[in-house]
Engineer: 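So that we are looking at the same thing, I have put the structure below in structure tokens.
For ligands, and for the atoms within them, numbers begin at 1 and follow the listed sequence. Note that these values count all heavy atoms, side chains included, but never hydrogens, waters or copies made by symmetry. Sequential numbering from 1 along the given sequence is applied to the chain's residues.
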Amino acid sequence: MTRTADVVIVGGGVTGVSIAFHLAGAGVRRVVVLERRFLASGGTGRSVGIVRQLYPTTETSAMVRRSLSVFQDFANVVGGDAGYVACGALIGVAPAMRSKLEANLAMQRGLGIRAEILEPADVARVEPAIDPAGLGAVLWEPESGYGDPTGVTLAYADAARRRGVVIEQGVEVTALDVDGDRVRGVRTASGDRIDAPVAVNAAGLWSPAIARLAGVTLPIIVGRHPVFTIERGPALPAHRVYLDLAGGSYVRPETGHLTLTGSLTDDETEHPMDPELLGAEAGFEEAAAVLERTGRAVPSLADARYRRGYAGAFDITPDWMPVLDQTGPAGLFTAAGMSGHGFKLAPSVGEMMAALITGATPPVSAAPFRLDRFAAIEAGGTFVASYLR
Ligand SMILES: Cc1cc2nc3c(=O)[nH]c(=O)nc-3n(C[C@H](O)[C@H](O)[C@H](O)COP(=O)(O)OP(=O)(O)OC[C@H]3O[C@@H](n4cnc5c(N)ncnc54)[C@H](O)[C@@H]3O)c2cc1C
């Protein structure tokens, strides 16, 4: 069967459905999202969903600021529930990073981001559970927190459908039709063809494979990032999001007296992962190293009961920032390489991609997200440097 569309989006994670929602909002009439499994079955469904605002560039800071305002008013802006919990986030840095943090904060305040630097000795005023030993400063972001990545995806999908977008699940894209230097559409595993002048690669961990269908090489590594669930019990009834850049771990509260924790040690690119292993059980030994760091950062969690761990993964570019650009043949757009930031950036990424596709001026400059920046950038960026440089 052959159909036609104005835009075909490959991937029904939070990125793909946000793009669809914004495209339909911009007046693009025939938008189709194709998802090979089910909505949010990729990285989105495994995400920890933290929304922090500390980013080192004006563009990414502005994007996360815009996204936050969407999460804060999600029912009105999108519809449905983002599950956003504004518990506040703290980010601890080593003494050597303090001056960078101060400079970064000055830049971010100019963009309207609310944050303040706390002396380590004052952290207890905001979060008594944190052990400030060894920290040089702690950034306090009162509006930050976490949301529900699957819920946000389903809400964007519903809102996109209300705007006329067609979303098909269980449909795998197996080929991109390219004629000369132009995309002409996509083909699916069942042999169907959708002719369209624009195709969007929003396939997350699978985006390099989709790009290869058009002969495009994306500089994206899929790197393992396991997540562990611990039972904090009544000893620590609730806590804020805490990202300990100095000690190398993070914690984020979960319902049912649980806490999600993981590593902030920049080792994802050293552990390339087959995306098909997403969600596989993580080993207890792997957990033990992370839990030890977590217990140092938040001593009341040192004795928390280990529940389980699973393998997550990030689609990582050399500078740990996404590719948001037209790439390869005309009409082939890429929104991938989210490098662990894709949940919090999703509202802004959708807005930016819709502007790029329709030829409008994006609200935030897309220049830093162009694919050709990698001609001048060597690998060697890190996750931690995506907070502060
Ligand atoms: C463990 C973990 C923790 C994270 N924590 C945070 C966090 O705290 N804060 C934050 O902001 N971000 C976080 N992230 C990152 C963020 O969740 C991701 O960047 C984001 O969810 C990616 O969304 P996506 O739509 O780009 O990709 P995905 O969710 O991976 O969606 C891509 C979709 O494409 C589909 N697909 C693939 N191939 C095809 C094909 N051939 N045809 C059709 N469909 C196809 C897949 O099935 C998948 O559903 C985390 C990620 C992980 C894994």
Engineer: Between the main-chain N or O of Q53 and the side-chain N or O of E141, is there a donor-acceptor pair closer than 3.5 Å?
Structural biologist: yes

Engineer: Quick one: is the NZ or CZ of R125 closer than 6.0 Å to the six-membered ring centre of W140, and within 45° of its axis?
Structural biologist: no

Engineer: Between Y84 and G145 (side chain of the first, backbone of the second, donor and acceptor by atom type, cut-off under 3.5 Å), is there such a pair?
Structural biologist: yes

Engineer: Taking only heavy atoms of the protein into account, state which residues are under 4.0 angstrom from an atom of ligand 1, in chain and number order.
Structural biologist: V10, G11, G12, G13, V14, T15, L34, E35, R36, S41, G42, G43, T44, R46, S47, V48, G49, I50, V171, E172, V173, A202, A203, G204, W206, I210, H225, V227, G312, A313, F314, M338, G340, H341, G342, F343, K344

Engineer: What heavy-atom pair brings P368 and R373 nearest, and what distance separates the two atoms?
Structural biologist: O-CD, 3.0 Å

Engineer: Considering residues, nucleotides and ligands other than R162, do more than 12 of their heavy atoms fall under 6.0 Å from its CZ?
Structural biologist: yes

Engineer: Go through it in stages, so that I can follow the logic: the residues are T153 and D148, the test is side-chain contact (heavy atoms from CB on, under 4.5 Å), and I'd like the CA-CA distance, side-chain angles, deciding distance and then a yes or no.
Structural biologist: CA-CA 9 Å; T153 303; D148 171 3; over 6 Å; no

